[in-house]
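Naming: A, B, ... by sequence-line order, numbering from 1 per chain.
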Protein chains: 2
Amino acid sequence: MTRPASRHPTELELEILKILWREGPMPVRGVRQALAPSRKLAYTSVMTVMGIMAQKGYLRRSKHGTHFVYQPAITKQSTVRGIVRDVVDRVFDGSAAAAALHLVETADLDERELRAIRRILEQKGEDKP
Amino acid sequence: MTRPASRHPTELELEILKILWREGPMPVRGVRQALAPSRKLAYTSVMTVMGIMAQKGYLRRSKHGTHFVYQPAITKQSTVRGIVRDVVDRVFDGSAAAAALHLVETADLDERELRAIRRILEQKGEDKP
DNA sequence: TCGTTCCTACTAATTTGTTAGTAGGATACA
DNA sequence: TGTATCCTACTAACAAATTAGTAGGAACGA
């Protein structure tokens, strides 16, 4: 009857997760600083969001002296996979092939990138002859 | 200071757009029927959403006798491109190549799909030797 | 013509997501 | 020891998103 919670981290939540994946466990202050170049938020705003993320199970936190240190409770791999699968389902009716095609057709890829993708395709082809 | 509107059609809005892209202009009743197998909504709920979509510029509507007929005002191409670009930016830091790699690595593609992607890659390679 | 049906417009309830303020405890330094 | 600083917890505000109800008009059939 009402609005369901997002199945994946929201935009700001993903920003915060990326910071913690990249730079390791950190207190709110550190996350706020890392966020600052692209997004100037009040300290309490960042704290609120990170508190919600801990509730949702995205983060774990432990007391260090006077303040909390936060760390990711979910992996980058599983998170990215979840988000991508969701888009593939919603936009490409579940066809990962259609999504991949769209990307290589639309994107402006250079030679090095094209080779990397071909290499993976070869491996995939060998897996199941 | 507050939550900004989504830059792309929301989940339900995308469902509705996909129906109209696939089946052509339609009144609310038709959209509701097409939606029904996966999502049972009150007539007024569908109407509310489609009214909002018209306000947002996603749909156009014209009076046919007593009721309105709705049609997409944005193309499938541009919509899909926008959604995909957004995910590529947010999740893969703007690298379409990383996104494509992720897809072919993660997805379970069959021989036919692999060939289709290789073919596109060949064409891409030829474009810029 | 009168009731039933169907459609629209308007209103509303409720949760999520985003941003921030206030109160109060702990800490550190002069 | 007192005062300024820093951190947390709690509260709040508000738009967006989702779902639906009510009122009222048009139309159609008996």
Side-chain angles (χ1 to χ4, degrees), chain A residues 1-19 25-71 79 83 86 90, chain B residues 1-19 25-71 79 83 86 90:
Chain A
M1 177 94 78
T2 181
R3 187 186 179 188
S6 169
R7 288 176 296 283
H8 306 293
T10 65
E11 166 154 9
L12 178 53
E13 287 171 350
L14 186 61
E15 282 312 305
I16 291 173
L17 279 169
K18 281 163 76 175
I19 289 166
M26 217 181 275
V28 172
R29 176 151 304 273
V31 171
R32 175 166 184 250
Q33 267 172 22
L35 224 37
S38 64
R39 209 152 170 166
K40 284 154 195 22
L41 290 178
Y43 180 90
T44 51
S45 303
V46 181
M47 214 195 59
T48 301
V49 173
M50 290 178 71
I52 292 172
M53 289 174 76
Q55 272 178 24
K56 288 181 178 175
Y58 294 159
L59 301 181
R60 249 194 307 275
R61 62 183 210 173
S62 52
K63 200 118 191 175
H64 278 226
T66 167
H67 61 294
F68 287 106
V69 168
Y70 291 77
Q71 64 181 313
T79 304
I83 294 175
D86 196 54
R90 285 202 344 266
Chain B
M1 178 94 77
T2 181
R3 186 183 186 189
S6 170
R7 289 177 296 283
H8 306 293
T10 66
E11 165 155 7
L12 178 53
E13 288 172 349
L14 186 60
E15 281 313 304
I16 292 173
L17 279 168
K18 280 163 77 174
I19 289 166
M26 218 182 273
V28 172
R29 174 150 305 272
V31 170
R32 177 168 182 247
Q33 267 172 20
L35 224 36
S38 64
R39 210 154 169 165
K40 284 154 194 22
L41 291 177
Y43 181 90
T44 50
S45 303
V46 181
M47 213 194 61
T48 300
V49 173
M50 291 179 71
I52 292 173
M53 290 173 75
Q55 271 178 25
K56 288 181 178 175
Y58 294 159
L59 301 182
R60 251 194 305 275
R61 61 182 212 175
S62 51
K63 199 116 191 178
H64 278 226
T66 167
H67 61 294
F68 287 106
V69 167
Y70 291 77
Q71 63 180 316
T79 304
I83 294 174
D86 196 53
R90 286 204 340 268

For atom [atom1] of [X] and atom [atom2] of [N], their distance in whole Å:
X: A:K40; N: C:dT18; atom1: NZ; atom2: P; answer: 18 Å
X: B:Q55; N: D:dA17; atom1: CD; atom2: P; answer: 12 Å
X: A:R90; N: D:dA17; atom1: CZ; atom2: C1'; answer: 14 Å
X: A:Y58; N: C:dG17; atom1: OH; atom2: P; answer: 8 Å
X: B:E13; N: D:dA16; atom1: CD; atom2: C1'; answer: 10 Å
X: A:I52; N: C:dA20; atom1: CD1; atom2: C1'; answer: 12 Å
X: B:H64; N: C:dC7; atom1: NE2; atom2: C1'; answer: 15 Å
X: B:L35; N: D:dT18; atom1: CG; atom2: C1'; answer: 12 Å

Does [X] reach a base, just sugar-phosphate, or nothing at all? Heavy atoms under 4.0 Å.
X: B:K63; result: nothing
X: B:T44; result: base
X: A:R32; result: nothing
X: A:Y43; result: base

*Do A:T79 and A:H8 come close enough that some side-chain heavy atom pair is under 4.5 Å?*
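Sidechains of A:H8 and A:T79: no contact.
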*Taking side chain as C-beta onward, heavy atoms only, is A:V28 less than 4.5 Å from A:H67?*
no
Quick check for you: among [options], whose closest atom lies nearest to any side-chain atom of [X]?
X: A:H67; options: D:dA27, D:dC7, C:dC10; value: D:dC7
X: A:L41; options: D:dA16, D:dT18, C:dA20; value: C:dA20
X: A:T48; options: D:dT8, D:dC10, D:dA20; value: D:dC10
X: B:A5; options: D:dT18, C:dT27, D:dA16; value: D:dA16

Interatomic distance, [X] atom [atom1] to [Y] atom [atom2] [nearest 0.5 angstrom]:
X: A:I16; Y: A:Y70; atom1: CD1; atom2: OH; result: 10.0 Å
X: A:E11; Y: A:R39; atom1: CD; atom2: CZ; result: 5.0 Å
X: B:L59; Y: B:M26; atom1: CG; atom2: CE; result: 11.5 Å

Under 4.0 Å from OP1 or OP2 of [N]: is there any side-chain N or O of [X] that close?
X: A:R61; N: D:dT8; result: no
X: A:R29; N: D:dC7; result: yes
X: B:S45; N: D:dT19; result: no
X: B:R3; N: C:dT19; result: no

*Which sits closer to the 5' end of DNA chain C, A:M47 or A:S6, going by the nucleotide each is nearest to?*
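Taking each residue's closest nucleotide, the earlier one in sequence belongs to A:S6.
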